Amino acid sequence: MLELHWGMPVILYLFLAGLGAGALTVSGSVLLRGGGGWFAGQHFRIARHGALIAPLPLIVGTGLLILELGTFQAGVEQVDIAKLFRWINLFKIVNLSPMNIGSWVLGLCILFSLAYAWTFLAPTACAQDDRCRVRRAMAWIGIPLGVAVAVYTGILLGAMPARPFWNSQILGMLFLFSALSTGVAGILCLHAFLRHEENDRPGEQAGYILAVSDALLIALELLIIILFIMFAHLTIGDPAHAIAVILPGGELVWWFWIGVVLFGMVVPALVELRHTLPKLLHHRPYRVLRSVEIAIGLLVLAGGFLLRYVIVVAGQITGPVGM
Amino acid sequence: MQENEKKLLRRELLNRIGLGAATAAVAVTLPAGAGAAVARDPVHYAMVIDTRRCIGCQACSVACKAEFAVPLGATRSWVEYVEKGTFPHVSRQFLPRLCNHCRNPQCVNVCPTGATFKRAEDGIVVVDPEVCIGCKYCIQACPYDARFIHPDTGAADKCDFCLHRVGRGLVPACVNTCQGRARIFGDMNDPASAVAQLIATQPVTVLRQGMGTRPSVFYIAADHSDPRETRVPSQYVRVDTHRRIQERR
């Protein structure tokens, strides 16, 4: 068995950073789409939930990342303050390492998400309050920052020919759509948890908008997964050998196909379609139980975590073929 | 030891004289610009490993451990045993391994702090443990699995061609101790050096050429067999890495 240099802290970081970045991007997009206009109420609520969710996973995930650093671990063992804070070296230089670029982007994103959440913090916050101009201006910056954090994690893993499973040009896109999907799922969970009625008020479409968006994002994610596998499996050499780990006979086949694809994507997408299609096709009222909404959200979140788990582990238990 | 050092210094002096003479000769026969280019070529240390002369004794691994007090479970230099075939058609080859000090090092490209860098003056890839944060990105990126986290510093560590010895005109500890003189070390930009001549005259290969790293460690008659890539279906191939992680990456 090969050694896993990057373990659970990194897996959790990739998941949490994706969730936070996704929530920030979705919040900004929804706010700009209609948070101050005709759909102000429901769009604003989605944007608010997204903005309030975003900072926490970003901060916790980054904290976990520091726990994985060799110098931090040595610093804890030796009670050495200098080693505990050695990670500051990341910000003493700017270079083209994906991790360096990512650290700067992540640092900016955390600070920005906190400021953005602050604009929504007041209980009386609404679409036309005195912070609305700042909020909208910040949404324009939050969207690219969120996308950058989500994409860079894929580029970080994908930049190494020595790790053929990760060395795919499409990994960044897979992480982006997974981040957006988990971001929507996080907002959906919070929305369902906070709503008082069994169903939304008449005319309220927040749950519907979230469910439709999530189903679409999952569909795109599945398409990218198919491309990710095809690019590797339909070739020869290192990528084909590496991708075998998630194909029949591979060590992670069940985790990937049952955990990530079936329960993390297909089942929640089908449930979402079951509830949204009547409204989409026949304009019937959108009705869904709060428990179903929460279950969908949790399944998508679990799928997003398992996707990171499978990819991080698969990349480390496979390598180039031949010497 | 001192005698050895003197011999090495003498050899280095002779090499330099030789290089000077060669440069002068080239300058006479080539246009001025070309002659100047030869003179300016910086030192680029390289190693040639003649596996025909390796007896798999692990003296290099032990010398390296002793030289750097490499912690248990980690290796800067190691020797793999490659066994293959079915009796009576069998073979056992030895493959000494170390950091390849690549001309295009992936570890340097991914290092987020600049702690890992390739020295312009001699081509040696080094790690500054005071700058390294121990993120393990370089460990993931190295196709040769040459790096590890040193438990004392928490930083990445690996072979540095015994920089402290080379700087004093000595050869690396593994080269110094090699019983069969299988490891040959020197400046590959110096046409008079043994490594430059071996690279020029022998059919040398590098490990994992497809990675595009352009290693500075060359092998003569290396067996590149890998259990995951048997050339004959069902052929027995086994690699003993002699490391904590038993499997090649």
Side-chain angles (χ1 to χ4, degrees), chain A residues 1-7 10 65-66 68-78 80 82-104 156-157 159-164 166-167 237-238 241-242 244 312 315-323, chain B residues 80 82 95 97 106-116 128-145 147-157 207-213 219 222-231 239 243-249:
Chain A
M1 189 67 182
L2 291 158
E3 196 167 18
L4 295 184
H5 297 289
W6 285 342
V10 170
L65 206 54
I66 291 173
E68 182 75 291
L69 296 178
T71 47
F72 187 85
Q73 290 167 354
V76 171
E77 278 174 24
Q78 300 159 13
D80 184 335
K83 282 183 182 149
L84 287 176
F85 289 95
R86 184 69 61 74
W87 55 269
I88 289 169
N89 285 353
L90 276 170
F91 300 103
K92 289 182 180 170
I93 187 173
V94 177
N95 64 24
L96 285 179
S97 159
M99 191 178 281
N100 184 278
I101 297 169
S103 303
W104 282 103
L156 186 144
L157 296 186
M160 297 174 278
R163 296 295 189 187
W166 296 338
N167 193 214
D238 297 344
H241 177 264
V312 170
Q316 294 179 87
I317 62 173
T318 54
V321 182
M323 186 51 71
Chain B
E80 292 179 349
V82 183
L95 192 68
R97 301 279 308 274
Q106 262 281 286
C107 52
V108 172
N109 291 346
V110 300
C111 180
T113 58
T116 284
D128 183 344
E130 294 300 313
V131 179
C132 174
I133 60 169
C135 67
K136 305 171 198 167
Y137 200 7
C138 55
I139 296 177
Q140 301 282 12
C142 175
Y144 307 106
D145 210 7
R147 291 168 163 257
F148 59 93
I149 292 291
H150 197 293
D152 293 344
T153 60
D157 199 11
L207 301 183
R208 288 186 169 155
Q209 188 172 12
M211 291 286 125
T213 48
Y219 290 84
D223 190 337
H224 294 265
S225 296
D226 190 74
R228 291 164 296 185
E229 191 195 38
T230 48
R231 283 156 198 173
V239 172
R243 307 179 84 190
R244 184 163 53 88
I245 304 305
Q246 308 270 309
E247 220 176 305
R248 266 182 185 168
R249 193 172 89 189

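Just so it is clear: chains get the letters A, B, ... in the order the sequence lines come, proteins before strands, and each one is counted from 1. Both backbone and side-chain heavy atoms feed into the values below; hydrogens, waters and symmetry mates do not. No experiment lies behind these values; they were computed from the predicted model shown.
Ring pair A:Trp87/A:Phe91 is perpendicular by interplanar angle, where above 60° counts as perpendicular and below 30° as parallel. Ring geometry for B:Tyr137 against A:Trp6 counts as tilted: the plane angle lies between 30° and 60°, on a 0 to 90° scale.
If you measure heavy-atom distances from A:Asn95 to chain B, the contacts under 4.5 Å come from the side chain alone. Neither the backbone nor the side chain of A:Asn167 comes within contact range of chain B, judged by heavy atoms closer than 4.5 Å. Contact of A:Gln78 with chain B is made through the side chain alone, with heavy-atom distances under 4.5 Å. Contacts between B:Glu130 and chain A at a heavy-atom distance below 4.5 Å involve backbone atoms as well as side-chain atoms. Only the backbone of B:Cys111 comes within less than 4.5 Å of a heavy atom of chain A; no side-chain atom from C-beta onward does. Contact annotation for B:Pro129: only backbone heavy atoms (N, CA, C, O) come within less than 4.5 Å of a heavy atom of chain A. Both the backbone and the side chain of B:Gln140 come within contact range of chain A, each with at least one heavy atom under 4.5 Å from a heavy atom of that chain. Residue A:Lys92 does not touch chain B at all, counting heavy-atom pairs closer than 4.5 Å. Interface remark: A:Ile88 contributes no atoms to any contact with chain B (heavy atom separation under 4.5 Å).
Interface summary for chain A: among B:Asp152, B:Thr213, B:Val239, the most heavy-atom pairs under 4.5 angstrom belong to B:Asp152. Counting heavy-atom pairs under 4.5 Å between each of B:Thr113, B:Asn109, B:Asp223 and chain A puts B:Thr113 at the top. Ranked by heavy-atom pairs under 4.5 Å with chain A, the first of B:Val131, B:Ile149, B:Val108 is B:Val131. Among the candidates A:Pro98, A:Ala162, A:Pro320, A:Ala159, the residue making the largest number of heavy-atom pairs closer than 4.5 Å to chain B is A:Pro320. Options A:Pro161, A:Ala74, A:Ala82 differ in how many heavy-atom pairs under 4.5 Å they form with chain B, and the most are formed by A:Pro161. When the candidates B:Gly212, B:Pro151, B:Cys132 are compared by the number of heavy-atom contacts under 4.5 Å with chain A, B:Cys132 comes out ahead. Highest contact tally toward chain B, considering only A:Asn100, A:Thr71, A:Leu90, is held by A:Thr71 [criterion: heavy-atom pairs under 4.5 Å]. By number of non-hydrogen pairs under 4.5 angstrom with chain B, the leading residue of A:Leu65, A:Leu156, A:Val321 is A:Leu156.
One side chain, B:Arg147 or B:Thr116, offers a donor N or O that lies under 3.5 Å from an acceptor on the other.
Considering CG of A:Leu84 and CD of A:Gln73, their distance stands at 11.0 Å, rounded to 0.5 Å. Expressed to the nearest 0.5 Å, how far CZ of B:Arg208 lies from CG of B:Asp226 amounts to 6.5 Å. To the nearest 0.5 Å, atom CE of residue A:Met323 and atom CD of residue B:Glu80 are 5.5 Å apart. Atom CG of B:Leu207 sits about 5.5 Å away from atom CZ of B:Arg97, to the nearest 0.5 Å. We find the CZ-SG distance between A:Arg86 and B:Cys135 to be 12.5 Å, quoted to the nearest 0.5 Å.
Applying the side-chain hydrogen bond (donor to acceptor under 3.5 Å, both in side chains) test to B:Thr153 and every residue at least two apart in sequence or in another chain returns nothing. Shown here are the side-chain hydrogen bond (donor to acceptor under 3.5 Å, both in side chains) partners of B:Tyr219, two or more places apart in sequence or in another chain: there are none.
Between B:Arg243 and B:Arg248 there is no side-chain heavy-atom pair separated by less than 4.5 Å.
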